[in-house]
Amino acid sequence: MDQRVNGERPEEYDPQKTEDKWQQRWRDQGTNVTDIRGAADPYYALMMFPYPSAEGLHVGNLFAFVGNDIYGRFQRLQGHNVFEPFGYDAFGIHSENYALSVGKHPSTLIPQNIANFERQVKRAGLMIDWTHSLATTDPDYYKWTQWVFLQLLKKGLAYKKQAAVNWCPSCKTVLANEQVIGGRCERCETPVEQRSLSQWFFKISDYAPRLLANLDHLDWSESTKTAQRNWIGRSEGAEIAFPVATSEGDEVIRVFTTRPDTIFGATYMVLAPEHPLVEKLTTPDHQAVIDAYLERTGKQDLVTRKTSTEKTGVFTGSYAINPATGQRIPVWIADYVLMEYGTGAIMAVPAHDDRDFEFAMLFGLPIVRVVCAEGDDPTADFSTPFTGGDDAKLVNSGRFDGLSVEEAKRAIVGMLAEKGAAKPLVNFRLHDWCISRQRYWGPPIPIIYCDVCGAVPVPEKDLPVVLPYVEDFKPDDSGVSPLARHEDWYHVACPQCGARGRRETDVSDTFLDSAWYFLRYPSVGLDDVPFDNNLTKKWLPVDTYIGGNEHAVLHLLYSRFVTMVLHDMDYLDFEEPYVKFRAHGLIIRNGAKMSKSRGNVVIPDEYIATWGADAFRGYLMFLGPFEEGGDFRDASISGVRRFLDRLWASVLTAVERNDGPTPAADSTEVARKLHQTIKKVGDDIPRLSYNTAIAAMMEYMNVLRRGERVPRREEVEPVVQLVAPFAPHIAEELWERLGHSGSIFDARWPAFDPALVADERLELVIQVNGKTRGRVHVARDIGQDAAVAAALAEESIAKFLSGPVPRKIIFVPGRLLNLVG
RNA sequence: GCUCGGGUGGCGAAACCGGUAGACGCAAGGGACUUAAAAUCCCUUGGGGGAAACCCCAUGCGGGUUCGAUCCCCGCCCCGAGCACCA
């Protein structure tokens, strides 16, 4: 080493040794245990808990955890009592499918996986309070998951209905809408079929307006909020009644439309195949065709239905009356109209809707144009529907001709409303949350069916309904959970009347487990309440939440919903669970997605063994912006490791240094850089701009080590503190060697001197006609006239001006001077 | 198709409010140390021109606004993620 002081080779940095030592000490001294009851200044830094897979911790998980850990450690250095808990989302289809594939029971596999995860997470040096960890599979935990179900039931927000549900023929279970991706099962990609089963639902749709409105006030990643807005899917429009033409009764077809202004162009109607009026409206001569169509569409799986672009449909033989024109229009059935949205029926306006246009062209139905762009000929032929345009005006619409689209919407709904034929309506795409799973590995839904009393909730005092050990937990085609095979468990007395009863055999969706876990963490260990009132007041809502955007619409929406319900039932005094949420980016490997099949998955253990946890953490944070993710390249880790090596060497030499004179000018430059770095890192961490924070520290080390000078203690000590959130082990070790006792995380973040942050001399950029032509050294507070004089004094700058004096001067104090001329 | 990101050297990236484009790091080349190698340290490194001082070009493409555009506006192209017949 160049910087050795007395000729001896300084001790080399040995990450394994340092990291073992400090992990041991943290454990022994309870460094990371939060004073849950006594904390004066609580800060809840939460990361999404993982599903403990058999493969172990993925580098993507670790990326998220480290990002949160840095944030949490930084908050602690600011003086907060930081609570950074960890747990496992251990129930669910992933675990069960894996257990099936290796022929073992999940109740033996999951504890193994958790032990492995815990080892890996500890090796990474996260500031986790292990005295408050949980697994959703603990009866102590799912007791309260069942309790949450009972609260929703009590509030009238849980109900059972026979419904067409998404059925995965491979996993042999019902899937929530969110688990169906492009018509396929999100786990196994098998095309999803429709099945009719009796299922438990949560009325999340009742909360749609609030779930949407609150988003405006949340400090969340914008991309996540957008995803939720789209998922909730608010549309403003009107419900309009079309009387059926031939019926002697007063049958009407109700439709939802966002374009009531186009009603004069509604030339036919379409019902979804499952629409209840189909039977009534089918005329005898069309019966055979309709039956054949229903037979065909009923059997279709979701992939065919959702990916086929071709329109199909049949005429019922019946007509309805367009309430605007009074004309008879045919009523068709087609599967491009969905029963789940709106009323399951539409008025078709082929001239102004892509789908209706395609359908009308295919079946030769009339197309009437009722909206035109300004100056267009309404009678001209057209080959594509006209769906919008700011200057659009109504035509062929009687007394509404000439109105703009917005005016016409109001006027036409107003006119129809007077006749009782329409009302303004807001629709949401968000469907109720189906929580029933005909599977084994989940918390049993706490319901008992009694022949006398019907569906009876299990009394809260009898919770948990323990998931019994079932040797053969393989799901089958019956649509009944494997739990029904456990006779002793299945048969039970009715808690109300004592008559013979049977347990509900479905378990609940994994997303219910994770919808409330953040409420439990502070209260882990308490068995008489799901969450203690005082602890909840102290710690919640969560201060910062970090996780992946893959949960933007699933977990994050459900946990908001459950929190709102518990708030409405006076269990919580807040209705939004996460004050601040940031979605981290995705890590790819050498430009490609990581996947097992590509064989390019980064296993953290190997890298940590080679480079040390601190260097690995640092590299993960350095490879790209935290919120955007980045490209993991093996060769690049050495850069961060070299930085730590240099920090180590510099601190050791500074400690050994015999204090001699340091050139004044030099140390001033170092001091300025140091204070600028303290400011920069302190600004960057709260913005999650970890990559630039690390770059700033590297830059400082480069300045510090320039030339032959030996660094002074006060020049390295603050850097050790800055680096602590990123590389906690080496920071602790160096802190100790600098003569401190106790954890560096019980010290305070260093302050910077504002006077040193600002350079006194300024390199003013001189532009001529917007092009940089030079820079001059001037006093920081130089005025415009002096700056211009200084610039013109430079021949290399003045020569670019066409005349002796600039025509125009733009002066940005402290930044630049632009001379035009 | 719709929504949201993104496109900057050989590579990962930076530029925070419209003001020095490429910080920091990797890789590469050269040098020092070494019997040698590794490690370490120092130097060079967007492209083109020039002996040099310097000059020109350059942030996916084409326009525009501006004294000045990676940044704002209009029109395209490409990549990624999500949603997808939602009336």
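One P atom belongs to G12(B), the other to G62(B), and the distance between them is 23 Å to the nearest Å. The C1' atoms of G46(B) and A37(B) are separated by 33 Å, rounded to the nearest whole Å. For the C1' atoms, the distance from A69(B) to U59(B) is 11 Å, rounded to whole Å. Taking the P atom of each, A21(B) and U3(B) are spaced 35 Å apart, rounded to whole Å. G80(B) and A13(B): their P atoms are spaced 15 Å apart (whole Å). A distance of about 14 Å separates the C1' atoms of C16(B) and A23(B), rounded to the whole Å. Comparing the P positions of G22(B) and A58(B) gives an interatomic distance of 16 Å, to the nearest angstrom. Nucleotides G68(B) and G1(B) have their C1' atoms positioned 39 Å apart, rounded to a whole Å.
Per the geometry, CD belonging to Glu628(A) stands 8 Å off P belonging to G7(B), to the nearest Å. Per the geometry, CD1 belonging to Ile346(A) stands 6 Å off C1' belonging to A87(B), to the nearest Å. Rounded to an integer number of Å, the gap from NE2 of His275(A) to P of A87(B) is 16 Å. The CG-C1' distance, from Leu430(A) to C83(B), rounds to 14 Å in whole Å. Atom CG of Asp683(A) and atom P of A15(B) are 13 Å apart (whole Å). At whole-Å resolution of the value, CE in Met701(A) and C1' in C42(B) are 17 Å apart.
Checked against A87(B), C57(B), A81(B), the side chain of Lys771(A) finds its nearest nucleotide in C57(B). Of the candidate nucleotides A23(B), A13(B), U20(B), A23(B) has the atom nearest to the side chain of Ala695(A). Of the candidates C67(B), U3(B), A81(B), U3(B) carries the atom nearest the Thr226(A) side chain, counting heavy atoms from C-beta on. Closest to the Phe622(A) side chain, of the nucleotides A87(B), C85(B), C24(B), is C24(B). Distance from the side chain of Ile810(A) is smallest to G19(B) among G25(B), A84(B), G19(B). Nearest to the side chain of Arg687(A), among C16(B), G19(B), G12(B), sits C16(B). Counting only heavy atoms from C-beta on, Tyr341(A) has its side chain closest to A87(B) among A14(B), C16(B), A87(B).
Within 4.0 Å (heavy atoms only), Arg641(A) reaches no atom of the nucleic acid at all. Here Asp684(A) lies out of heavy-atom contact (under 4.0 Å) with every strand. Within the nucleic acid shown, Lys225(A) has no heavy atom closer than 4.0 Å to any nucleic acid atom. Using a 4.0 Å heavy-atom criterion, one finds that Ser235(A) contacts the sugar-phosphate atoms exclusively. Residue contacts for Leu623(A): at a heavy-atom cut-off of 4.0 Å it reaches the sugar-phosphate backbone alone, with no base atom in range. At the heavy-atom level, Arg429(A) lies under 4.0 Å from base atoms of the strands shown. Among the atoms of the strands shown, only primed sugar atoms or phosphate atoms (P, OP1, OP2) are found under 4.0 Å from some heavy atom of Phe800(A). Looking at heavy-atom distances under 4.0 Å, Asn427(A) makes no contact with the nucleic acid at all. Across all strands, Asp353(A) comes closer than 4.0 Å to no nucleic acid atom at all (heavy-atom distances).
By the 4.0 Å N-to-carboxylate-O rule, Arg642(A) lies too far from Asp645(A) to be salt-bridged with it. Of the charged side-chain nitrogens involved, at least one lies within less than 4.0 Å of a carboxylate oxygen, so that Glu222(A) and Arg229(A) count as a salt-bridged pair. Ion pairing between a basic and an acidic side chain is recognised when a charged N comes within 4.0 Å of a carboxylate O; Lys409(A) and Glu406(A) show such pairing.
Under 3.5 Å, the side chains of Asn549(A) and Ser223(A) contain a donor-acceptor pair of N or O atoms. A donor atom on one side chain and an acceptor atom on the other are not found under 3.5 Å apart for Asn427(A) and Ser235(A).
Centroid-to-centroid, the aromatic rings of Tyr607(A) and Phe632(A) come within less than 6.0 Å. Two rings, from Tyr268(A) and Phe359(A), have their centers less than 6.0 Å apart.
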For every nucleotide of nucleotides 26-34 of chain B, 5' to 3': is a protein heavy atom under 4.0 Å from its base (B), only from its sugar-phosphate (S), or from neither (-)? SS-------

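Checked options Asp614(A), Leu647(A), Leu652(A), Val651(A); the residue passing with Tyr13(A) is Asp614(A) (criterion: side chain to side chain contact (heavy atoms under 4.5 Å, CB included)). With respect to Phe264(A), the side chain to side chain contact (heavy atoms under 4.5 Å, CB included) criterion is satisfied by exactly one of Val349(A), Asn322(A), Val371(A), Ile412(A): Ile412(A).
Classification of G9(B) as syn follows from a glycosidic angle within 90° of 0. Shown here, C17(B) is classed syn by the O4'-C1'-N9-C4 or O4'-C1'-N1-C2 angle, which is within 90° of 0.
A donor-acceptor contact shorter than 3.5 Å is absent between the side chain of Lys808(A) and the backbone of Val820(A).
An OP1 or OP2 oxygen of A14(B) is reached within less than 4.0 angstrom by a side-chain nitrogen or oxygen of Asn691(A). The side chain of Asn702(A) contributes an N or O atom lying less than 4.0 Å from OP1 or OP2 of G25(B). Taking only side-chain nitrogens and oxygens, Ser221(A) never comes nearer than 4.0 Å to OP1 or OP2 of C4(B). At least one side-chain nitrogen or oxygen of Arg773(A) sits closer than 4.0 Å to the OP1 or OP2 atom of C56(B).
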Output, in order, the C-alpha distance, side-chain angles, deciding distance and verdict of side chain to side chain contact (heavy atoms under 4.5 Å, CB included) for Trp433(A) and Phe511(A). CA-CA 10 Å; Trp433(A) 174 15; Phe511(A) 281 112; 3.9 Å; yes

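A donor-acceptor contact under 3.5 angstrom links the side-chain atoms of Gln767(A) to the base of G19(B).
More than 12 heavy atoms of other residues, nucleotides or ligands sit less than 6.0 Å from atom CD1 of Ile588(A).
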Give RNA chain B the dot-bracket treatment, 5' to 3': Watson-Crick (N1-N3 with N6-O4 or O6-N4) or G-U (N1-O2, O6-N3) under 3.5 Å, [ ] crossing, | other strand. (((((((..(((......[....))).(((((.......))))).((((....))))..(((((..]....))))))))))))....

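Legend: residues meeting ring pair (Phe, Tyr, Trp, His ring centres under 6.0 Å) with Trp611(A), ordered by chain and number and at least two apart, are absent.
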